[in-house]
Asks: 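The structure under discussion is supplied below as structure tokens; questions concerning it will follow.
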Amino acid sequence: MSTAPSPNSRPATPLPVARPTFDQELCGLVLDTAPRLFAVVQVCGDDADGWVAAWGLTDSDGRTHVIGVDGRTRMTLHSPERAVRHFSGRPGITARLIWLSPPEAAIASRTAAA
């Protein structure tokens, strides 16, 4: 069995390695440092009814910022679990954390500030 070169062959030219653009690097930085987003939901009774009471985000160092959906409650706490304690205060009402999935993509926008 002979392996003759194909008449259509030409030497392979390596493609240049594409360097990420500055915007792509910035998007990667954003994804690497993005805070985790969660909701504090309140539940009435034995899972009979529930609603979002607050939204929060937590930094990599654990510091947590929470804003009630009514806009009147704003807290900076040491952990998301402390927000659960705050929103569990009424009889018959419990609170839970619902974590949103970490972001998988970021898009750079060139919109100028007004």
Side-chain angles (χ1 to χ4, degrees):
M1 205 155 73
S2 71
T3 55
S6 167
N8 297 329
S9 298
R10 50 182 191 171
T13 305
L15 295 174
V17 176
R19 187 169 167 233
T21 67
F22 184 65
D23 283 346
Q24 289 171 327
E25 289 180 18
L26 288 176
C27 289
L29 174 67
V30 167
L31 290 171
D32 290 344
T33 61
R36 292 205 50 210
L37 183 63
F38 64 90
V40 180
V41 296
Q42 290 180 314
V43 178
C44 180
D46 295 327
D47 295 346
D49 194 13
W51 54 91
V52 175
W55 287 99
L57 56 92
T58 186
D59 299 327
S60 61
D61 65 0
R63 190 174 1 182
T64 300
H65 308 280
V66 179
I67 301 174
V69 294
D70 62 5
R72 295 182 293 165
T73 304
R74 295 173 187 253
M75 300 179 276
T76 300
L77 306 164
H78 293 289
S79 72
E81 290 74 22
R82 292 190 182 217
V84 170
R85 286 187 226 148
H86 175 79
F87 287 95
S88 294
R90 297 188 310 179
I93 302 290
T94 59
R96 302 176 189 168
L97 293 177
I98 305 290
W99 291 94
L100 274 69
S101 299
E104 296 178 7
I107 299 172
S109 172
R110 295 281 184 162
T111 305

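Keep in mind that this is a model prediction, so the values were computed, not measured.
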Asks: Not counting sequence neighbours, which residues clear side-chain hydrogen bond (donor to acceptor under 3.5 Å, both in side chains) with Asp23? List them please.
Replies: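 side-chain hydrogen bond (donor to acceptor under 3.5 Å, both in side chains) check on Asp23 returns Arg110.
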
Asks: Strictly distance-based, threshold 3.5 Å: is any side-chain N or O of Ser88 a donor or acceptor partner for the main-chain N or O of Ala95?
Replies: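 Yes; at least one donor-acceptor contact below 3.5 Å.
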
Asks: Between CD1 of Ile98 and CG of Leu37, what distance do you get to the nearest 0.5 Å?
Replies: 12.0 Å

Asks: Going by heavy atoms in the side chains, are Arg96 and Val43 under 4.5 Å from each other?
Replies: yes

Asks: So how far is it from Ile107 CD1 to Leu26 CG, rounded to the nearest 0.5 Å?
Replies: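 Answer rounded to 0.5 Å: 14.0 Å.
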
Asks: Applying ring pair (Phe, Tyr, Trp, His ring centres under 6.0 Å), name anything that partners Trp99, two or more places apart in sequence or on another chain.
Replies: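 Only Phe38 meet the ring pair (Phe, Tyr, Trp, His ring centres under 6.0 Å) criterion with Trp99.
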
Asks: CG of Leu57 to CZ of Arg63: how many Å apart, nearest 0.5 Å?
Replies: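 CZ of Arg63 is found 10.5 Å from CG of Leu57.
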
Asks: Go through Val66 and Thr64 one step at a time and tell me if the side chain to side chain contact (heavy atoms under 4.5 Å, CB included) criterion holds.
Replies: CA-CA 7 Å; Val66 179; Thr64 300; 3.8 Å; yes

Asks: Looking only at heavy atoms, which two atoms of His65 and Thr76 are closest? And how far apart?
Replies: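 Shortest heavy-atom contact: ND1-OG1, 3.3 Å.
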
Asks: Say you draw a straight line from CD of Gln42 to CD1 of Ile93; how long is it, rounded to the nearest 0.5 Å?
Replies: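 Rounded to the nearest 0.5 Å, the CD-CD1 separation comes to 6.0 Å.
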
Asks: For Pro80 versus Leu97, what's the shortest heavy-atom pair and its separation?
Replies: CB-CD1, 3.6 Å

Asks: Is there any salt bridge (charged side-chain N to carboxylate O under 4.0 Å, His left out) pair reaching into residues 70-93, and which pairs are they, with sequence neighbours excluded?
Replies: Asp70-Arg72

Asks: What do the steps show when you test Phe87 against Val41 for side chain to side chain contact (heavy atoms under 4.5 Å, CB included), and what is the final call?
Replies: CA-CA 8 Å; Phe87 287 95; Val41 296; over 6 Å; no

Asks: Just wondering, do Thr73 and His86 contact through their side chains at under 4.5 Å, heavy atoms?
Replies: yes

Asks: State, to 0.1 Å, how close Thr21 and Gln24 come at their nearest heavy-atom pair, and which atoms those are.
Replies: N-OE1, 2.7 Å

Asks: Which pair of non-hydrogen atoms, one from Cys27 and one from Ala106, has the smallest distance, and what is that distance?
Replies: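 Looks like SG-O, 3.5 Å.
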
